[in-house]
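Throughout, a chain's letter reflects where its sequence line sits, starting with A, and its residues are numbered from 1. This one's a predicted model, so the numbers in the text were calculated from it and none came from an experiment.
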Protein chains: 4
Amino acid sequence: MKIKHRKSLAKEMKHTAILDAAEDIIATEGLEALSMSKVAKAVKIAKGTVYLYFESKEEIIGGLTIRARRELLAYFKEYCSRTNDPLEKIKQIFWADFYFYKEKHTYHELVSFYEQNTGLEEKGELAMSSYHISQFVEGIIEDAKRKKVIRQDIISSLQGFVFWGMAVGILQIVNTKHDQLAKYFGKSEKEFYSVFVENVISGLLPEKILPAQGSVYQRVVQESKK
Amino acid sequence: MKIKHRKSLAKEMKHTAILDAAEDIIATEGLEALSMSKVAKAVKIAKGTVYLYFESKEEIIGGLTIRARRELLAYFKEYCSRTNDPLEKIKQIFWADFYFYKEKHTYHELVSFYEQNTGLEEKGELAMSSYHISQFVEGIIEDAKRKKVIRQDIISSLQGFVFWGMAVGILQIVNTKHDQLAKYFGKSEKEFYSVFVENVISGLLPEKILPAQGSVYQRVVQESKK
Amino acid sequence: MKIKHRKSLAKEMKHTAILDAAEDIIATEGLEALSMSKVAKAVKIAKGTVYLYFESKEEIIGGLTIRARRELLAYFKEYCSRTNDPLEKIKQIFWADFYFYKEKHTYHELVSFYEQNTGLEEKGELAMSSYHISQFVEGIIEDAKRKKVIRQDIISSLQGFVFWGMAVGILQIVNTKHDQLAKYFGKSEKEFYSVFVENVISGLLPEKILPAQGSVYQRVVQESKK
Amino acid sequence: MKIKHRKSLAKEMKHTAILDAAEDIIATEGLEALSMSKVAKAVKIAKGTVYLYFESKEEIIGGLTIRARRELLAYFKEYCSRTNDPLEKIKQIFWADFYFYKEKHTYHELVSFYEQNTGLEEKGELAMSSYHISQFVEGIIEDAKRKKVIRQDIISSLQGFVFWGMAVGILQIVNTKHDQLAKYFGKSEKEFYSVFVENVISGLLPEKILPAQGSVYQRVVQESKK
DNA sequence: AATGAATGAGCATTCATTCAT
DNA sequence: TATGAATGAATGCTCATTCAT
């Protein structure tokens, strides 16, 4: 058992070293340029050895995505801890995401990657990392709801997903189109993101005039429940 | 002249046939699996022949993206024409996007692809197709603004970008996570999307309580204007 | 007959236009970049039409080589006309070649190309263009021989070939290694070429001490006559 | 250690086998016809495997060129060792080159290839192989100079370049035009080459009448020194 | 546990030439 | 005489994964 433990420590270290190397490569050359050969070379082990620690390239990316999501959760916690105002906390989640995108670009790329690609199975730790984030966000939303600073019809868990989708999409567009943003609108990434955040937050507030009954929208919503 | 016309018709047809084949391949195997060899084989022409009609693989994808965007614009127009209510029209844009995603999945993939990838140059018809969509959406928002059914501080063109980013992100998450959606929340894609639309629309309404001065959010916004 | 004549005039013009275009392409992009498509495009005729005037790409290069050799002969004549001294005339041939290389680089490339490649058949005009140059050079050497300013054992025609081979080789090395020439020896192309010319001319002079009988060299020469 | 040695032996052998195969292909079909697919097929390994031993096609050609240059140097040494006469040694260099061309035609092609092509970077072993040859030839010339059997104004290193350029050019013409040589002059390659060697050697001898002052040639030489 | 040689299908692109019109 | 669409073999190179040692 002792031996096993020592072994698994060594194993853990190599596992980490492989992820570190892969992260470096992505940071330097981008996710697309990641290859098993490069990883093996960087860690100074044989290509075959990498497969002793990770079943496939996908698993390495998965491993890094776990890291990335942990870091994102840390960002969320850190930003939310700055205020006690439940609504502010929600805003802080968005801003945490923004700064995560700006400061941890590699991680953001990884998190987005998993959002963009169908057919990537998430299980085990990877699924958990996603769950932890959801849980945290849900908690923040639930708290705001309990304290009645946001609409009462909101389903916290679902709303978390919506937030997530919107933020991912916005940051994607910020990433892709920041040139146009600057050129045509004279807006910085932050200003643009501000518009988005303001929009979303404003949509949560309870003093909203609800769409009139019988509107097309209502009909569509009804329909969608079928 | 007749001959010339006939010829250019034949050419036009092959051009179309190539795009059709490429579209089929993407529909069946995904955008990543698209290759020139497959296209040639599907059209039953030589590989070199494909290059008589398209300068590169990128041009084929570009050609399909033009198709996709045209179709998306058609969706927008069709859905918006269903109502005269300016706010409803905005909602309809979101729903048009949703049904575009559901019904024209390949096209949606193509449109998203161009959103997700930096460094893809857009020119000529491709750039125009993007512009036409922006123009249309901007017009709808501008109209709602003029009619005072949405906040007056909205910048229509910028808001169009925000809409676009959010919708892309949400549909991405719908695409990737619809299993979880069903499993954990018992929600259909449509219901989930509904929550999103309601959220966004609600955020546009003028009778909004603005975030209190001095809130963290305000500070960040101020900051971002520097 | 008149019609035929007119036709062949028109034909001649197109023939010329094709060569002109090919020459431009080689001048701009190099011999390797020459392609039938580019030629056709440049002349604004169909690809197939080019084949009505030239049987193959090789024939176009052959046609240009004829031009190039004509120009080279003109250089030879021009440079030789500058002096009446028969030895000087020989020197002038070398210098004509040097300036041909410097000033008509495309033509030089073509002339060299035919020297470097085995299996390129030369017939008709192409063979003649080579013959004319040989004849001219042979005449110059023969004249110097008759006037006893060079060794009497020289076979003019053969010597012409030797000159040609040496000059081609030297210019090739000048072309390839001019950087080293400048860097390691501080010599310009001209200075280097000067050393070569001086060497060669000096080898032609009659007051030479011939290699001693019985030397290895003599043996090899004897051997070679077998 | 044994194992490692055996392994690296096996690797060395495959490396050699690839070069051998490439050499065969060049010998049979010419340098231009060399392709990675052909090499792989000839060695009966997968295309990708070739890339485990050579980074690129250019590296294979480079590897063969090293072989070729080594062999050429061996020829030089062997031929020069046949005599102690310093002038004879110079002649032997030319004859070594001739027999290298005749007997190791593929290698000659490779050596010429590197002379003819601009923009081929030479480094490491490849650069060294070139340097060793230069050094050897320079030594032979320097020795002859020191012993006063050739002109004292000769710069050994530069002269080596001139020799090399001339020999490359002559052998090229021998290669290309040997049919004409036989047909029109009734001369064998060897006889022709003899004329060349005699010419060159004769040009090195010190008892030379220098070109008269004021001749065109002198002017050009002066000019070139500016 | 570790190796690293081997695989081989796959990629986008080129181009001299042909031939039906 | 002129067209230009079509061909299709060929190019150098990549890379996730396997497996005998």
Using Watson-Crick geometry (N1-N3 plus N6-O4 or O6-N4) or G-U wobble (N1-O2, O6-N3), each under 3.5 Å, F:dT14 is paired with E:dA9
Who pairs with E:dT18 - Watson-Crick or G-U, where each distance is under 3.5 Å
F:dA5
Taking for each residue the nucleotide of DNA chain F with the nearest heavy atom, is it B:Lys44 or D:Ser35 whose nucleotide lies nearer the 5' end?
B:Lys44
Closer to the 5' end of DNA chain F via nearest nucleotide, is it B:Thr49 or C:Leu52?
C:Leu52
Just how far, in rounded Å, is [atom2] of [N] from [atom1] of [X]?
X       : N      : atom1 : atom2 : answer
B:Lys57 : E:dT13 : NZ    : C1'   : 12 Å
D:Lys38 : F:dG12 : NZ    : C1'   : 14 Å
D:Glu58 : F:dC13 : CD    : C1'   : 14 Å
C:Ile18 : F:dT1  : CD1   : C1'   : 12 Å
B:His15 : F:dA6  : NE2   : C1'   : 18 Å
B:Met36 : E:dT14 : CE    : P     : 10 Å
A:Glu32 : F:dC15 : CD    : P     : 11 Å
A:Met13 : E:dA2  : CE    : P     : 12 Å

C:Arg69 and C:Glu125 ion-paired at < 4.0 Å
no
Flag the pair A:Asp20 and A:Arg67 as a salt bridge only when some basic side-chain nitrogen lies within less than 4.0 angstrom of an acidic carboxylate oxygen.
yes
On DNA chain E, nearest-nucleotide positions of D:Lys47 versus A:Ile45: which is more 5'?
A:Ile45
Does A:Ile60 reach a base, just sugar-phosphate, or nothing at all? Heavy atoms under 4.0 Å.
nothing
NA contact type, A:Lys41, heavy-atom cut-off 4.0 Å: base, sugar-phosphate, or nothing?
nothing
Please determine whether a side-chain nitrogen or oxygen atom of B:Lys11 lies at a distance below 4.0 Å from atom OP1 or OP2 of F:dA5.
yes
For E:dA2, does OP1 or OP2 lie under 4.0 Å from any side-chain N or O of A:Tyr53?
yes
Counting side-chain heavy atoms from C-beta on, which of F:dA6, F:dA16, E:dT18 comes nearest to C:Tyr51?
E:dT18
Inter-residue atom distance B:Tyr114.OH - B:Ser130.OG, 0.5 Å rounding:
11.0 Å
Side chains of C:Tyr53 and C:Glu59, donor plus acceptor under 3.5 Å:
no
Measure from the side-chain N and O atoms of A:Glu29 to the backbone N and O of A:Leu34, and report whether any donor-acceptor pair falls under 3.5 Å.
no
